[in-house]
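What follows is one structure encoded as structure tokens, with my remarks underneath.
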Amino acid sequence: MNKIFETARKAGLDGFMLALLSMILLAWLWPYPGMDTSPFHLSEISTVAVSIIFFFYGLRLSPEKLRTGLVNWKLHVMVHLSTFLLFPLIALAFKPMFKTEEDQTLWLAIFFLTALPSTVSSSVVMVSIARGNIPAAIFNASISSLIGVFVTPLWMGVVMDAGPEHFDLLAVVGKLSLQVLLPVFAGIMLNKRWGHFAESHKKYIRYFDQSSILLIVYTSFCESFGEHLFSSLGLKEIVLLGIGMLGLFFAIYFLLTFICNILKFSREDQITAVYCGSKKSLVQGAVMSKVLFSGPQAGIMLLPIMIYHALQLIVASIIAQRLSRGSDEKVPV
């Protein structure tokens with residue numbers, strides 16, 4: 001049990017998740033500072049912080065490592081097909097179950113989760129613990145974030161254009177390119193000069209990243225609580241949503257394991273495919289929710305990804321510990 005707690009701590013499950021819950025509680029108790037009518041302009045501050053996050057992310061990306069990672073193309077294709085195709089198709093299959101207007105809003109939030117890219121840090125940590133292909137994990141998780149700038153808005157445009165919402169795809173991609181891609185590529189270009197600085201201070205950069213996400217979560221939920229958007233969600237609905245998110249994780253996990261066995265992936269590649277292909281990024285979710293969903297809707301759009309983020313860390317850490325016991329052990333199914 002101590003090993004599980006230690007793994008969860010390394011993945012950022014301990015203090016950060018408690019802080020996330022605290023931000024939601026604070027937004028419920030005191031929503032005014034994070035609302036548009038507030039003079040504090042917290043939303044604008046968080047927008048600047050997002051660009052800084054992705055600048056440091058690019059600063060730690062070595063172009064040489066990215067080029068080396070291109071070799072194992074079958075693994076890469078499988079991970080990204082799972083992330084950007086398999087996940088959304090599962091969500092689309094369950095859409096008929098959400099009939100009322102409130103249910104449709106919740107389904108849109110779930111679909112937003114499924115359209116997000118994979119997470120970087122926890123994927124690499126879990127692959128490392130389970131003794132998988134670490135270079136491939138770094139490559140796939142990193143490229144996933146860049147692909148998501150285009151694919152996530154494209155998916156959201158498809159489902160939102162089918163409803164009453166207006167969705168300007170070009171405007172969204174343009175805004176995300178300025179906030180995400182431009183800082184990332186600026187960081188990559190400066191990797192040789194300042195990359196060592198980012199690596200040596202990655203602990204403090206991580207604290208900055210988490211603080212920025214906490215600010216985004218707080219401002220998003222302030223608007224939602226201020227407009228009473230969570231009035232239709234009780235404890236029962238939250239529990240059912242959590243069960244659904246857990247079922248989604250295991251559905252992807254078992255499907256990827258099955259496909260890896262058919263394709264005869266090595267143990268290391270199978271671990272990387274399962275972990276990178278089943279993860280979703282809370283960072284990207286927080287960033288994109290600010291761009292895709294204006295006003296009070298942003299808070300409820302973050303609810304599924306926050307629940308999924310916590311559950312994926314707990315379950316993945318337990319499985320990673322099992323895999324770490326021996327290099328000959330197969331991925332558990």
Side-chain angles (χ1 to χ4, degrees), residues 61 65-95 107 110-124 126-127 130 132-159 169 173 176 180-181 244-285 288 292 304-305 308-309 311-312 315-316 319 330-331 333:
L61 280 179
K65 289 181 180 179
L66 291 178
R67 284 194 291 267
T68 303
L70 287 171
V71 177
N72 199 346
W73 65 270
K74 287 184 180 180
L75 173 60
H76 308 329
V77 169
M78 181 174 174
V79 168
H80 298 307
L81 284 179
S82 170
T83 302
F84 296 113
L85 185 62
L86 185 57
F87 262 103
L89 289 179
I90 290 177
L92 286 171
F94 282 90
K95 185 178 181 180
W107 177 84
I110 294 172
F111 186 84
F112 173 57
L113 152 71
T114 64
L116 289 171
S118 178
T119 184
V120 178
S121 57
S122 65
S123 291
V124 175
M126 295 303 174
V127 168
N133 188 333
I134 299 175
I138 296 173
F139 176 85
N140 278 290
S142 301
I143 295 300
S144 180
S145 296
L146 303 181
I147 295 174
V149 172
F150 302 99
V151 177
T152 302
L154 185 62
W155 265 120
M156 298 310 298
V158 170
V159 299
L169 178 61
V173 171
L176 285 173
V180 178
L181 284 185
M245 294 301 95
L246 196 61
L248 176 63
F249 175 85
F250 278 115
I252 296 294
Y253 177 88
F254 288 127
L255 280 171
L256 289 178
T257 302
F258 176 72
I259 296 172
C260 285
N261 288 331
I262 291 177
L263 296 178
K264 300 187 184 302
F265 276 16
S266 67
R267 177 188 179 276
E268 290 76 15
D269 285 354
Q270 184 173 352
I271 289 172
T272 301
V274 168
Y275 277 109
C276 292
S278 63
K279 293 296 189 70
K280 289 294 179 177
S281 173
L282 175 61
V283 175
Q284 290 277 11
M288 292 189 180
L292 294 170
I305 178 58
Y308 189 88
H309 175 78
L311 292 175
Q312 75 181 5
V315 176
I319 298 174
K330 294 182 179 180
V331 177
V333 294

Practice prompt. Please lay out, stage by stage, how T119 and Q312 fare under the test side-chain contact (heavy atoms from CB on, under 4.5 Å).
Written response: CA-CA 11 Å; T119 184; Q312 75 181 5; 4.2 Å; yes

With sequence neighbours excluded, what pairs up with [X] under the side-chain contact (heavy atoms from CB on, under 4.5 Å) test?
{"X": "L92", "result": "L89, W107, F111, W155, V159"}
{"X": "S144", "result": "H80, T83, F84, P117, S118"}
{"X": "L263", "result": "M78, I259, F265"}

Worksheet item: Can you name the closest pair of heavy atoms from L282 and I305 and give their distance?
Response: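 That would be CA-CG1, 4.0 Å.
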
Item to complete: Over all heavy atoms of both residues, which pair between T272 and L75 is shortest? Give the atoms and the distance, please.
Response: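 Taking T272 first and L75 second, the nearest heavy atoms are CG2-CD2, 4.1 Å.
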
Worksheet item: So, the side chain of Y275 versus the backbone of A316: is there a donor-acceptor pair under 3.5 Å, distance only?
Response: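 Checking the backbone N and O of A316 against the side chain of Y275, a donor-acceptor pair under 3.5 Å is found.
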
Item to complete: Return yes if some donor-acceptor pair links the side-chain N/O of S278 with the main-chain N/O of Y253 below 3.5 Å, else return no.
Response: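 Not a single qualifying donor-acceptor pair exists.
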
Minimum side-chain heavy-atom gap [X]-[Y] below 4.5 Å:
{"X": "I90", "Y": "L248", "result": "yes"}
{"X": "V274", "Y": "I319", "result": "no"}
{"X": "V315", "Y": "F249", "result": "yes"}
{"X": "Q284", "Y": "S145", "result": "yes"}
{"X": "I143", "Y": "V79", "result": "no"}
{"X": "F94", "Y": "I110", "result": "no"}
{"X": "F150", "Y": "L181", "result": "yes"}
{"X": "L116", "Y": "F87", "result": "no"}

